[in-house]
Amino acid sequence: MRRPLPDIVRAPWPADAAEPPSATSAAIDRAAAIIRRGGLVAIPTETVYGLAANARDEEAVAGIFRAKGRPATNPLIVHVADVAMARSLAREWPDAAATVAARLWPGPVTVVVPRSAAIPDIVTAGGDTVALRCPDHRLARRLIEVADAPLAAPSANRSEAVSPTTAHHVLESLGNRIDLILDGGSCLRGIESTVIDCTTAAVRILRPGPMSRQQLEAVLGSPVLWPDADADTTTTARSPGQQQRHYAPRTPLEIPDDPIERVSTLLAKGERVGWLTSRVDDPRVRSLAGSRDVLVVPMPHDPDGFASLLYATLHALDQRQLDRIVIDPPPVTEEWRAIRDRLGRAAVSPLGER
Ligand code: AMP
Ligand code: MG
């Protein structure tokens, strides 16, 4: 079924205002009405834009899977307005989840806990656990409150594509497949939440993200495990839907060990190259940047800054008719782990295996 293009509704909420401007309240009311009748609304969060539906409504959630082309085996994260709502969706509320929720919510960390009967099978891909998160974005939380519904919301893009960090990215990817886009500006964090498993004695990271292992260990007071017995991959049985290829732009993306050499070779072959690098002061980079066929994008040196710009940069380069996107390999340190995870899935071949 084709629908008309969704409206993008601007919904600003100035940081110093306790309540939203009246036009933003009206936009939230409109979005809430769509959620209540089983529709799909794209919403801003601090991580990326989410494609939201009432998590208690099986039919509405089915619409998310259809709009995204998402495999039914990939469970969804349910967004809540507060800890009380989270607890109402959990059969048990493990100590680790209680601590993380009390200390780090609202924020970019998702807890996996035993699910209650309020959550339909389709949300969890049939599993006995549910992933819950309270987003650090007032528009998202207010919508949950006004609609009086927890929101199942994966990233608001077609499956496997780069996640959206602006309302415009959502429109490009999902266009007439959804009912409304709430435009709350650019997402601050820029990559998807950290997902942790709270159902076992030791907390394990299922998907690395903006909330670091050190931050989690600091609040929990105990060691937090990496995915899959500390291997540098996030493909674990407990984290369904973490496909190897994901987050990919249309333009082939490479992370060569020696980007300067690789870009030189590509240019010599006549390719047009977009190059994300933090080394714009390197004279060899500057000399290559003089070529008409290369577009050099200077990237921040810190992982948080890098994350906040990464997807927006990939979206922009995807519009430029390039043959190739090259990215400098990120440092092999813990604080870059979430970036390495996303880039490894976006690249044409896995990181470190060329
Ligand atoms: P996305 O909504 O696209 O950011 O992806 C959500 C991710 O959260 C999924 O791909 C899973 O890896 C993870 N997830 C969601 N629900 C569960 C669950 N019940 N158990 C384990 N991982 C989950
Ligand atoms: Mg996604």
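Whatever order the structure lists them in is the order used to number ligands and atoms, beginning at 1.
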Donor-acceptor side-chain pairing of Ser155 and Asn157 below 3.5 angstrom: yes
Any donor-acceptor N/O pair, Arg103 side chain to Ala98 backbone, under 3.5 Å: no
For atom 23 (C) of ligand 1, the option (of Pro75, Gly127, Ala125) bearing the nearest heavy atom: Pro75
Donor-acceptor contact below 3.5 Å, side chain Asp179 vs main chain Leu40: yes
Sequence neighbours excluded - salt bridge (charged side-chain N to carboxylate O under 4.0 Å, His left out) pairs with any residue from residues 48-75: none
Sub-4.0 Å heavy-atom contact, Thr124 with ligand 1: no
Hydrophobic cluster partners of Leu188 (side-chain heavy atoms under 4.5 Å): none
Any pair counted as salt bridge (charged side-chain N to carboxylate O under 4.0 Å, His left out), so long as it reaches residues 107-126, sequence neighbours left out: Arg115-Asp121
Side chains of Thr45 and Arg189, donor plus acceptor under 3.5 Å: no
Sub-4.0 Å heavy-atom approach of Arg70 to ligand 1: yes
Ser163 side chain to Glu192 side chain, donor-acceptor N/O pair below 3.5 angstrom: yes
Within reach of ligand 1, part of Leu206 (heavy-atom separation under 4.0 Å): side chain
Per-residue contact class, Thr110 against ligand 1 - non-hydrogen pairs under 4.0 Å: neither
Neighbouring protein N, O or S atoms of the Mg ion (ligand 2), below 2.8 Å: 1
Side chain, backbone, both or neither: Arg207 near ligand 1, heavy atoms under 4.0 Å: side chain
